[in-house]
Amino acid sequence: MDSTWITYGPDENCTLALCPVSISLYEYRPSLAANTIFIVLFGIALCLHLFQGIKWRSWAFLFAMFWGCVAEMIGYGGRILMWQNPFSFPGFLTQIICITIGPAFFSAAIYLTLSRVVIYLGVEHSRFSPKLYYWLFIPCDIVSLTLQAAGGASSSTSSGNSKAGVDIAIAGLSFQVFTLAVFIGLAIDYAIRYARGQRARPSVAKLPTSFKVFAGFLSLAIVLILIRCCYRIDELSNGYSGPLIHNQGLFIGLEGV
């Protein structure tokens with residue numbers, strides 16, 4: 001290929017008409033169908049949470065879910081730009097930052113939700129005040145989000161060759177995994193204490209099925225975010241030259257789905 005063509009960076013001038021997709025950063029053309037579906041799904045989620053948040057005046061939860069959905073939609077919009085041109089630096093920068101930080105907002109919403117669950121089921125079963133769940137975990141989430149955004153921006157300007165930038169992003173993701181692990185431990189501890197309390201009072205009414213379904217999906221969301229973070233750590237462990245970053249199927253399955 002002619003050395004005058006630049007495949008990556010703010011001065012990139014390659015297009016599909018001039019350069020093979022195999023020399024692009026991802027070495028593939030992002031799926032238009034998959035990324036469009038993700039934008040539509042996050043758009044639907046955004047509208048539903050906007051409606052429910054305003055209806056029930058749950059402003060903090062709405063704030064977290066709103067910006068999480070917006071970040072994901074913008075991020076997958078960046079991947080559609082890369083479908084149009086896999087060498088698009090604005091598209092790459094948009095998606096690497098927005099898709100990376102989006103789940104941090106969802107984690108914050110989950111932390112807020114657990115505090116409400118504790119109030120609903122009974123504060124007496126908790127080792128801590130319900131406020132601790134968001135006063136402790138949300139600041140941790142902000143630290144994680146800041147590190148991921150800064151690391152993503154720094155590493156993307158160097159095509160992943162900036163070890164410091166990649167390490168910062170990995171530190172942010174690792175801290176998010178640690179925070180989630182501690183959160184899961186506290187949630188399990190509360191569930192065990194609540195179950196023991198229920199067994200000690202057999203006359204207490206059982207939880208409605210709707211709440212059990214809600215709790216099941218909430219638990220699933222936590223586990224999936226944890227899996228996603230572990231995947232992104234492994235993906236970035238070799239900068240932008242590792243095998244995982246070139247596997248679109250894994251990205252769709254473990255990041256998007």
Side-chain angles (χ1 to χ4, degrees), residues 1-43 68-104 145-173 227-257:
M1 188 187 73
D2 193 324
S3 60
T4 58
W5 300 120
I6 302 173
T7 63
Y8 180 87
D11 299 321
E12 51 85 13
N13 56 13
C14 263
T15 66
L16 281 175
L18 301 171
C19 308
V21 69
S22 60
I23 65 170
S24 65
L25 186 66
Y26 280 135
E27 298 180 4
Y28 64 77
R29 191 179 184 188
S31 168
L32 176 62
N35 292 304
T36 300
I37 289 172
F38 288 140
I39 290 176
V40 171
L41 291 177
F42 279 114
C69 290
V70 167
E72 295 284 357
M73 292 171 69
I74 294 174
Y76 285 106
R79 287 185 71 83
I80 288 180
L81 289 178
M82 295 188 71
W83 170 79
Q84 296 173 331
N85 177 18
F87 304 94
S88 170
F89 184 67
F92 175 79
L93 200 61
T94 299
Q95 62 92 35
I96 195 69
I97 294 176
C98 292
I99 294 178
T100 298
I101 68 175
L145 189 153
T146 303
L147 289 172
Q148 290 178 54
S154 175
S155 63
S156 63
T157 57
S158 63
S159 185
N161 293 321
S162 170
K163 189 175 186 304
V166 172
D167 286 346
I168 291 172
I170 291 177
L173 287 164
I227 292 173
R228 172 263 175 192
C229 290
C230 292
Y231 158 70
R232 292 309 296 265
I233 290 172
D234 196 13
E235 179 194 44
L236 290 175
S237 60
N238 293 312
Y240 294 156
S241 59
L244 290 184
I245 204 165
H246 304 306
N247 189 322
Q248 181 170 205
L250 281 179
F251 180 88
I252 292 174
L254 296 178
E255 172 65 60
V257 176

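The figures that follow rest on heavy atoms only: side chains count, while hydrogens, waters and symmetry mates do not. Count residues from 1 along the sequence.
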Exercise for the section: Measure the CD-OG1 distance between Glu72 and Thr100 for me, rounded to the nearest 0.5 Å. Expected result: 9.0 Å
Handout entry: Residue pairs passing the salt bridge (charged side-chain N to carboxylate O under 4.0 Å, His left out) test where at least one lies in residues 244-257, sequence neighbours excluded
Key = Arg228-Glu255, Arg232-Glu255
Exercise for the section: Give the C-alpha distance, both sets of side-chain angles, the deciding distance and a yes or no for side chain to side chain contact (heavy atoms under 4.5 Å, CB included) between Trp5 and Leu18. Expected result: CA-CA 8 Å; Trp5 300 120; Leu18 301 171; 3.4 Å; yes
Problem - Nearest atoms (heavy-atom pairs only) where Tyr231 meets Leu250 - result: OH-C, 3.9 Å
Exercise for the section: Using atom types as modelled and distance alone, determine if a side-chain donor or acceptor of Ser154 lies under 3.5 Å from a backbone N or O of Ala150. Expected result: no
Fill in the blank from the handout: All heavy atoms of Ala169 vs all of Leu236, minimum pair found to be CB-CD1, 4.1 Å
Completion exercise
When rounded to the nearest 0.5 Å, the distance separating SG of Cys69 from CG of Leu41 is 10.5 Å
Exercise for the section: Look at the aromatic rings of Tyr240 and Phe92 and report parallel, tilted or perpendicular, splitting at 30° and 60°. Expected result: perpendicular
Handout entry: Spacing of Ile96 atom CD1 and Ile245 atom CD1 [to the nearest 0.5 Å]
Key = 5.5 Å
Handout entry: Worked verdict on Ile80 versus Leu32 for side chain to side chain contact (heavy atoms under 4.5 Å, CB included)
Key = CA-CA 6 Å; Ile80 288 180; Leu32 176 62; 4.1 Å; yes
Problem - Taking every non-hydrogen atom, the tightest pair across Gly239 and Val166 - result: CA-CG2, 4.0 Å
Exercise for the section: Answer yes or no: is there a side-chain heavy-atom contact under 4.5 Å between Met82 and Leu25? Expected result: no
Handout entry: Check: Trp83 and Thr36 side chains under 4.5 Å, non-hydrogen atoms
Key = no
Practice task
List the atom of Leu147, the atom of Gly172, and the distance in Å for their closest heavy-atom pair.
Solution key: CB-CA, 3.6 Å
Completion exercise
d(Ile168 CD1, Leu173 CG) to nearest 0.5 Å is 12.5 Å
Practice task
Supply the atom-to-atom distance Ile37 CD1 to Ile252 CD1, rounded to the nearest 0.5 angstrom.
Solution key: 9.0 Å
Problem - Residues in side-chain hydrogen bond (donor to acceptor under 3.5 Å, both in side chains) contact with Gln95, at least two apart in sequence or another chain - result: Tyr26, Arg79
Exercise for the section: Only pairs at least two apart or in different chains count here, so list each salt bridge (charged side-chain N to carboxylate O under 4.0 Å, His left out) that has a residue in residues 22-41. Expected result: none
Fill in the blank from the handout: When every non-hydrogen atom of Ile101 is compared with those of Ala71, the smallest separation belongs to CG1-CB, 4.5 Å
Completion exercise
Rounded to the nearest 0.5 angstrom, the CG-CD1 distance for Asp11 and Ile6 is 5.5 Å
Exercise for the section: Look only at the side chain of Ser24 and the backbone of Val21, and say whether a donor-acceptor pair between them is shorter than 3.5 Å. Expected result: yes
Handout entry: Taking every non-hydrogen atom, the tightest pair across Ala104 and Leu145
Key = CB-CD1, 3.8 Å
Practice task
For residues Leu254 and Cys230, determine if any side-chain heavy atom of one lies less than 4.5 Å from a side-chain heavy atom of the other.
Solution key: no
